[in-house]
Amino acid sequence: MPVVARAVLAAGVVAADQALKALVAHLLPVGASVWVIPGVLALTHVRNPGVAFSLLRDVPAILPAALTAALLGVLFGGARRLPRTAQGGLAVLCGGAVGNLVDRVRIGAVVDYVDLRVWPVFNLADAAVTAGAVTVLLALAVPPLARGGR
């Protein structure tokens with residue numbers, strides 16, 4: 001996957017994530033919740049000072065920034081050696097990491113809004129990090145996915 005394609009994919013995740021967070025922040029005050037699918041899915045506007053899924057609230061902001069920088073270094077430096085599927089997963093993962101880092105820098109916490117009521121409230125960036133990581137792991141661990149090309 002060309003470096004430009006990886007950059008566009010990562011930037012698309014960041015743009016979609018930031019647009020959804022801005023929409024939620026515009027429509028719902030912090031702490032407000034509205035059902036989208038009653039009993040299943042709500043939009044709940046929360047500010048998460050922790051890491052993924054509200055864990056580790058006391059982690060200094062430099063740690064997520066350093067991890068994001070390292071991921072971006074791999075995405076734009078060494079990713080060409082990975083199978084294409086893993087490159088795409090890494091781009092999605094990086095887009096999610098950057099999306100959440102933008103919030104940390106801008107407001108000191110991450111805007112979360114997807115509320116399934118059986119899991120901590122999360123956002124598109126969290127989902128992108130999770131899906132991207134799973135894609136990378138599967139692409140590296142499952143030979144048919146890895147054979148998708150370099």
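The chain is numbered in sequence order, starting from 1.
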- Return the minimal non-hydrogen interatomic distance between Arg84 and Met1, and the atom names on each side. CG-N, 3.3 Å
- Heavy atoms of Ala125 and Gly96 approach each other most closely as CB-O, 3.3 Å
- Query: Should side-chain heavy atoms under 4.5 Å link Ile, Leu, Val, Met, Phe, Trp and Tyr, which residues sit in the same cluster as Leu23?
  - Reply: Leu27
- Are Val40 and Val34 co-members of a hydrophobic cluster defined by side-chain heavy atoms under 4.5 Å apart? yes
- Query: Should Leu116 and Phe122 be marked as a side chain to side chain contact (heavy atoms under 4.5 Å, CB included) after you check the CA-CA gap, both sets of side-chain angles, and the distance that decides it?
  - Reply: CA-CA 9 Å; Leu116 301 173; Phe122 62 99; 3.9 Å; yes
- Query: Looking only at heavy atoms, what is the nearest atom pair of Ala139 and Ala86, with distance?
  - Reply: CB-N, 3.6 Å
- Drop me the distance from Asp112's CG to Leu43's CG, to the nearest 0.5 angstrom. 12.0 Å
- Distance-only, no hydrogens or angles: does the Tyr113 side chain make a donor-acceptor pair with backbone N or O of Leu124 under 3.5 Å? yes
- Note on the structure: Contacts of Asp115 meeting salt bridge (Lys or Arg N to Asp or Glu O under 4.0 Å) (sequence neighbours excluded), chain-then-number -> Arg117
- Message: Could you report the tightest heavy-atom contact between Leu140 and Pro83, atom names first, then the distance?
- Response: CD2-CD, 3.8 Å
- For the residue pair Arg106 and Gln18, establish whether any side-chain heavy-atom pair is separated by less than 4.5 Å. yes
- Message: Side-chain heavy atoms nearer than 4.5 Å, only ILVMFWY residues, links allowed to pass through others: does that put Val36 and Trp119 together?
- Response: yes
- Item | Test side chain to side chain contact (heavy atoms under 4.5 Å, CB included) applied to Val92 and Thr135, step by step | CA-CA 9 Å; Val92 170; Thr135 300; over 6 Å; no
- Task: Examine Leu93 and Val8 and state if one hydrophobic cluster contains both, with Ile, Leu, Val, Met, Phe, Trp and Tyr joined whenever side-chain heavy atoms are less than 4.5 Å apart.
- Result: yes
- Where Gly99 and Val14 come nearest, the two heavy atoms and their spacing: N-CG2, 4.0 Å
- Would Val110 and Leu28 show up in the same hydrophobic cluster when neighbours are defined by side-chain heavy atoms closer than 4.5 Å? no
- Nearest heavy-atom pair of Val111 and Arg47: which atoms, and what distance? CG2-NE, 3.9 Å
- Query: Under 3.5 Å, is there a donor-acceptor pair between the Asn100 and Asn123 side chains?
  - Reply: yes
- Item | side chain to side chain contact (heavy atoms under 4.5 Å, CB included) between Val30 and Val46, intermediate numbers included | CA-CA 5 Å; Val30 175; Val46 297; 5.7 Å; no
- Could you check if a side-chain atom of Lys21 sits within less than 4.5 angstrom of a side-chain atom of Asp103, using non-hydrogen atoms only? yes
- Note on the structure: Rounding to 0.5 Å, atoms SG (Cys94) and CG (Leu9) come to a distance of 10.0 Å
- Query: If you group Ile, Leu, Val, Met, Phe, Trp and Tyr by side-chain heavy-atom gaps below 4.5 Å, do Val3 and Val13 land in one group?
  - Reply: no
